[in-house]
Undergrad: 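What follows is a single structure, and I will ask about it in a moment.
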Amino acid sequence: MTTSEFNVGTPRHDCLVDITAEVESAVKDSGAQEGFAVVFVPHTTAAVTINENADPDVMHDVLKQLNEIVPWRQPFYQHGEGNSAAHVKSSMLGCSETVALSAGRLTLGTWQGIYFAEFDGPRSRRVIVQVVAAAAEA
Amino acid sequence: MTTSEFNVGTPRHDCLVDITAEVESAVKDSGAQEGFAVVFVPHTTAAVTINENADPDVMHDVLKQLNEIVPWRQPFYQHGEGNSAAHVKSSMLGCSETVALSAGRLTLGTWQGIYFAEFDGPRSRRVIVQVVAAAAEA
Amino acid sequence: MTTSEFNVGTPRHDCLVDITAEVESAVKDSGAQEGFAVVFVPHTTAAVTINENADPDVMHDVLKQLNEIVPWRQPFYQHGEGNSAAHVKSSMLGCSETVALSAGRLTLGTWQGIYFAEFDGPRSRRVIVQVVAAAAEA
């Protein structure tokens, strides 16, 4: 079991940053062939999500619809920092994803990429990757 | 640690298909008594979720309310395939769930079932189940 | 690998109860130094989520916005118990979270706490914590 981390510089207030290559690199560094990887975001105004890696319009549409669902301003928001919407979206998407490994690779679907979801950027953010290797006899 | 997969044929455009029996079967086949199971959906317009297994009206209400939250058509959607709503719901529900095992069974609550959430069917879909057994001494 | 559980008495119909101390206690009792913890909620009208642990206004705003997104009454709800909104929110936030351990502690971010999300209380609820220790050689 190895735990590593990397940084993500998010370029805009709201964005989905493809971190698949960084996670795959952590898996490769671990040497694990079979097992699984846990990707964890230690922030409360961001999240991790898995979604389409081909057409960037999907990312545009997902972000825009999330902003429809969770408006940035609401008359009832009390949190002084003014970023409650980012906290709501963080809980909706969640801060961990678990993906199985096979032959040293993530078993993602053909169209799946792993994304860091930024809801209150731009910021420098951290991502923790834990790789759990299957025991030799398994 | 064993990784297996099974197929799900989803009968409608939007539906929640109970896959608890298939996941339990994968757990049984693994021989694991203690440990946990990761259920992973390798698709970007579908998800996995755990919810009530008793009254099918709950599934109806969940799907209908999700469609209220994420309308199929939005003037700002850019993705050419026209299924951006399915991608949004995929990220909202997520593509992995982790459930502990005890005495060879999933430790689901009395009213919990595991559901494949289809948001752009009908299609033939895959589900990956990874079972991690506790070491004998644990 | 150890599996334990604890109870949460939720004080209101909708609330977020900080269970970080209980999860950390389960980790400590397990003796695990490196590894990870899975927090699982075996209920279908509740969830587990990780969010800000500092300003309680964030919890207020998150709950209130979730109620905007998922109204308690909808003309199309069919479920006889009348708590379909709670089921929707349970699927949106999810019933499991996975957090890595380092030196016997959860690797939560500075501002992260683990919350039991109650959407149909007050009730007595259960939380299952599974702690997986890294093997000695890892």
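Since the model is a prediction, treat every value here as computed from it, not as a measurement.
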Undergrad: Less than 4.5 Å to any heavy atom of chain B: does that hold for the side chain of Ala133(A), its backbone, both, or neither?
TA: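 Backbone of Ala133(A) only, per the 4.5 Å heavy-atom cut-off to chain B.
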
Undergrad: In terms of heavy-atom proximity below 4.5 Å to chain A, should His87(B) be classed as side chain, backbone, both, or neither?
TA: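 It is both, since atoms from each part get that close.
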
Undergrad: Need one label for Ile69(A): side chain, backbone, both or neither, based on atoms under 4.5 Å from any heavy atom in chain B.
TA: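 Ile69(A) touches chain B through side-chain heavy atoms alone.
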
Undergrad: Glu97(A) and Ser96(B): side-chain donor and acceptor closer than 3.5 Å?
TA: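 Short answer, yes.
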
Undergrad: Counting only non-hydrogen atoms closer than 4.5 Å, does Val70(B) touch chain A with its backbone (N, CA, C, O), its side chain (CB onward), both, or neither?
TA: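 Both backbone and side chain.
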
Undergrad: Identify the two heavy atoms, one from Asp61(A) and one from His79(B), that lie closest to each other, and give their separation to 0.1 Å.
TA: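 Between these two residues, the closest heavy atoms are OD2-N, 2.9 Å.
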
Undergrad: For chain B, which of Glu68(A), Glu34(A), Lys89(A) has the most heavy-atom pairs under 4.5 Å?
TA: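 The candidate making the most pairs under 4.5 Å is Glu68(A).
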
Undergrad: Out of curiosity, Thr45(B) OG1 to Trp111(A) CH2, how far, rounded to the nearest 0.5 Å?
TA: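 The CH2 atom of Trp111(A) is 11.5 Å from OG1 of Thr45(B), to the nearest 0.5 Å.
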
Undergrad: Please look at Ser91(B) and chain A and tell me whether the side chain, the backbone, both or neither of the residue comes under 4.5 angstrom of a heavy atom of that chain.
TA: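 Both the backbone and the side chain of Ser91(B) come within 4.5 Å of chain A.
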
Undergrad: What part of Phe40(B) gets within 4.5 angstrom of chain A, counting heavy atoms only: side chain, backbone, both, or neither?
TA: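 For Phe40(B), the contact with chain A is made by the side chain alone.
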
Undergrad: Name the region of Val41(B), side chain, backbone, both or neither, that has any atom closer than 4.5 Å to a heavy atom of chain A.
TA: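 Just the backbone, heavy atoms under 4.5 Å.
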
Undergrad: Given that the side chain runs from C-beta out, which part of Ile128(B) has a heavy atom under 4.5 Å from chain A: side chain, backbone, both or neither?
TA: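 Contact with chain A: side chain only.
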
Undergrad: Do the non-hydrogen side-chain atoms of Gln74(B) and Lys64(A) ever get within less than 4.5 Å of each other?
TA: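 Sidechains of Lys64(A) and Gln74(B): no contact.
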
Undergrad: Heavy-atom distances under 4.5 Å only: say whether Tyr115(A) touches chain B with side chain, backbone, both or neither.
TA: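 Contact with chain B involves no heavy atom of Tyr115(A) at all.
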
Undergrad: Sort Asp55(A) into side chain, backbone, both or neither according to what part of it lies under 4.5 angstrom from a heavy atom of chain B.
TA: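 Looking at Asp55(A), just its side chain touches chain B.
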
Undergrad: Does a side-chain heavy-atom distance below 4.5 Å link Gln65(A) with Pro71(B)?
TA: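 Yes - at least one pair of side-chain heavy atoms lies under 4.5 Å apart.
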
Undergrad: Just give me the residue among Ser102(A), Gly94(A), Gly35(A) that pairs up with chain B most often, heavy atom to heavy atom, under 4.5 Å.
TA: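 Highest number of heavy-atom pairs under 4.5 Å: Gly35(A).
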
Undergrad: So, the side chain of Gln112(A) versus the backbone of His43(B): is there a donor-acceptor pair under 3.5 Å, distance only?
TA: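 Side chain of Gln112(A) to backbone of His43(B), a donor-acceptor pair under 3.5 Å: yes, one is there.
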
Undergrad: What residue in Thr44(B), Val38(B), Thr3(B) has the most heavy-atom pairs under 4.5 Å with chain A?
TA: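 Heavy-atom pairs under 4.5 Å are most numerous for Thr44(B).
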
Undergrad: Count the heavy-atom pairs under 4.5 Å between each of Val62(A), Asn51(A), Leu101(A) and chain B, then report the option with the highest count.
TA: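 That would be Asn51(A).
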
Undergrad: Specify the closest pair of heavy atoms between Leu66(A) and Val88(B), including all atoms of both residues, with the distance to one decimal.
TA: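 That would be CD2-CG1, 4.4 Å.
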
